[in-house]
There are 2 protein chains.
Amino acid sequence: MKIGELSRATGTNIETIRYYERIGLLPAPARTDANYRSYGDAHRARLRFVRHSRELGFTIDEIRSLLDLSDHPERDCADADRIASAHLEQVEAKIAQLSALRDELTRIVGRCRGGLAGDCRVIEALGDHGQCGGAH
Amino acid sequence: MKIGELSRATGTNIETIRYYERIGLLPAPARTDANYRSYGDAHRARLRFVRHSRELGFTIDEIRSLLDLSDHPERDCADADRIASAHLEQVEAKIAQLSALRDELTRIVGRCRGGLAGDCRVIEALGDHGQCGGAH
DNA sequence: GCTTGACCCTGTAGTTGCTACAGGGTGCAT
DNA sequence: ATGCACCCTGTAGCAACTACAGGGTCAAGC
Ligand SMILES: [Zn+2]
Ligand SMILES: [Zn+2]
Ligand SMILES: [Zn+2]
Ligand SMILES: [Zn+2]
């Protein structure tokens, strides 16, 4: 399959596929006579793994480690569990941080009564963290 | 006040202050004879506004607009309200997305029973979005 | 046989919001 | 005079792509 087909089959931008190859996340595929990349099912599965992991928020480096484990089925899977658990913790931390931020923004936005910028409580609140609840 | 003092007074990295000046977010301050930057209270207030807005997640471009309003107190503040509301919506969307992601990750992580990578349900789940609840 | 259009190639530069040097100058204390 | 802390400019790096520019390939239709 050519790169355009792989792109459609996985919902991945063509430039992104070439980028993954360049950074060594995907193996360089065979080439046709015209020097076109030629992919097989294994490439597609690997790219799906990468894209799905990216959608779940794993970094490229984490994915590299996960792929490495996937390539060595005889190894212990504890590393995979560790990477995924650590990532889950980071996601939870990010949610907590954004929630605090949302609360603060809600409070700030709710204070605008319209009128002149000079009297705007939103602009005032942005300049003064002392007005904040302190959670962010 | 010199850049180091401003840095300490606002908790901002010196390089970041110079960066903000370079991109036109902070006005270029006066210079001493030795060509050192010399800041006043207005600079400090402006930098606090910028940092606080960044902590609340506003982009540099949004902050540019907010500062512009802050500099023109005779204008209508509706734009500030619009920017802040739109940002709040984005934060809420991000929280929703991360929550879906957290649920999916929790499900995936919970399936690992240890053992060989070849049998690991975590690695399997990363390769197959079909196993996902579909929310992410 | 020739053009048109879709597709592919490489290589480089841009995005966001910083951060980290390298290589040099300044100012004060010992 | 010699440290040392501080300041200056300019450039390059980070993550994870994305967007060209400038060119080659191939099948269809006239
Ligand atoms: Zn207002
Ligand atoms: Zn605050
Ligand atoms: Zn496992
Ligand atoms: Zn999924």
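Numbered from 1 within each chain, the chains take letters A, B, ... in sequence-line order.
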A.B. asks: Pick the closest DNA chain C nucleotide for Ile60(B) and for Lys2(B) by heavy atoms, then say which residue is nearer the 5' end.
C.D. replies: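 Nearest-nucleotide comparison on DNA chain C picks Ile60(B).
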A.B. asks: With respect to the phosphate group of dC17(D), does any side-chain polar atom (N or O) of Tyr20(A) fall under 4.0 Å of OP1 or OP2?
C.D. replies: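 Tyr20(A) to dC17(D) OP1/OP2: side-chain N or O found under 4.0 Å.
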A.B. asks: Please report, rounded to the nearest Å, how far the P atom of dC8(C) is from the CZ atom of Arg31(A).
C.D. replies: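 Rounding to the nearest Å, CZ of Arg31(A) and P of dC8(C) are 12 Å apart.
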A.B. asks: Tell me what Thr32(B) touches on the nucleic acid: a base, only sugar-phosphate, or nothing, going by heavy atoms under 4.0 Å.
C.D. replies: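 Since no nucleic acid heavy atom lies under 4.0 Å of Thr32(B), the category is nothing.
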A.B. asks: Would you say the side chain of Ser7(B) lies within less than 4.5 Å of the side chain of Asn13(B), judging by non-hydrogen atoms?
C.D. replies: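 Of all side-chain heavy-atom pairs linking Ser7(B) with Asn13(B), none is under 4.5 Å.
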A.B. asks: Closer than 4.0 angstrom, basic N to acidic O: yes or no for Glu15(A) and Arg18(A)?
C.D. replies: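 Counted as a salt bridge, because a side-chain N and a carboxylate O are separated by less than 4.0 Å.
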A.B. asks: Does dC8(C) have OP1 or OP2 under 4.0 Å away from a side-chain N or O of Arg18(A)?
C.D. replies: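 Result: no.
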A.B. asks: Give a yes or no on whether a salt bridge exists between Glu104(A) and Arg107(A), defined as a side-chain N under 4.0 angstrom from a carboxylate O.
C.D. replies: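 Salt bridge flag = yes for Arg107(A) with Glu104(A).
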A.B. asks: Mind checking if Arg51(A) touches a base, just sugar-phosphate, or nothing, with heavy atoms under 4.0 Å?
C.D. replies: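 Touches sugar-phosphate only.
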A.B. asks: Examine dC8(D): is either OP1 or OP2 under 4.0 Å from a nitrogen or oxygen in the side chain of Asn35(B)? Give yes or no.
C.D. replies: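 For Asn35(B), the contact criterion (side-chain N or O under 4.0 Å from OP1 or OP2 of dC8(D)) is not met.
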A.B. asks: Any idea which of dC17(D), dA16(D), dC26(D) is nearest the Thr59(A) side chain?
C.D. replies: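 For Thr59(A), the side-chain atoms sit closest to dA16(D).
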A.B. asks: Between Arg46(A) and Asp71(A), does any NZ, NE, NH1 or NH2 come within less than 4.0 Å of an OD or OE carboxylate oxygen?
C.D. replies: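 Counted as a salt bridge, because a side-chain N and a carboxylate O are separated by less than 4.0 Å.
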A.B. asks: Taking for each residue the nucleotide of DNA chain D bearing the nearest heavy atom, is the 5' side occupied by Tyr36(A) or by Phe58(A)?
C.D. replies: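 Upstream on the strand: Phe58(A).
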A.B. asks: Could you pick out which residue, Arg22(B) or Glu15(A), lies toward the 5' side of DNA chain D when each is mapped onto its nearest nucleotide?
C.D. replies: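 The residue mapped nearer the 5' terminus is Arg22(B).
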A.B. asks: Once you round it to whole Å, what is the distance between P of dA13(C) and OH of Tyr19(A)?
C.D. replies: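 The answer, rounded to whole Å, is 17 Å.
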A.B. asks: Could you tell me the separation between the CG atom of Asn13(B) and the C1' atom of dC6(D), rounded to a whole number of Å?
C.D. replies: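 Going from Asn13(B) (CG) to dC6(D) (C1'), I get 14 Å.
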A.B. asks: Side-chain N or O of Arg37(B) less than 4.0 angstrom from OP1 or OP2 on dC7(D)?
C.D. replies: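 False: Arg37(B) side-chain N/O out of range (4.0 Å or more) of dC7(D) OP1/OP2.
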A.B. asks: Can you tell me how far C1' of dT18(D) sits from CZ of Arg54(A), to the nearest Å?
C.D. replies: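 Taking atom C1' of dT18(D) as the reference, CZ of Arg54(A) is at 14 Å.
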A.B. asks: From C-beta outward on Ile14(B), which listed nucleotide comes closest to its side chain: dC8(D), dC7(D), dC9(C)?
C.D. replies: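 Selected nucleotide (nearest to the side chain): dC7(D).
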A.B. asks: Is any NZ, NE, NH1 or NH2 atom of the basic residue among Arg75(A) and Asp68(A) found under 4.0 Å from an Asp or Glu carboxylate oxygen of the other?
C.D. replies: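 Result for this pair is yes, salt bridge flagged.
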A.B. asks: Choosing from dT18(D), dC18(C), dC8(C), which nucleotide comes nearest the side chain of Thr16(B)?
C.D. replies: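 In terms of side-chain proximity for Thr16(B), the closest of dT18(D), dC18(C), dC8(C) is dC18(C).
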A.B. asks: Would you kindly give the CD-to-C1' distance between Glu21(A) and dC17(D), to the nearest whole Å?
C.D. replies: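 The answer, rounded to whole Å, is 16 Å.
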A.B. asks: In whole angstrom, give the distance that lies between atom CD1 of Ile17(B) and atom C1' of dT9(D).
C.D. replies: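 In whole Å, dT9(D) C1' lies 16 Å from Ile17(B) CD1.
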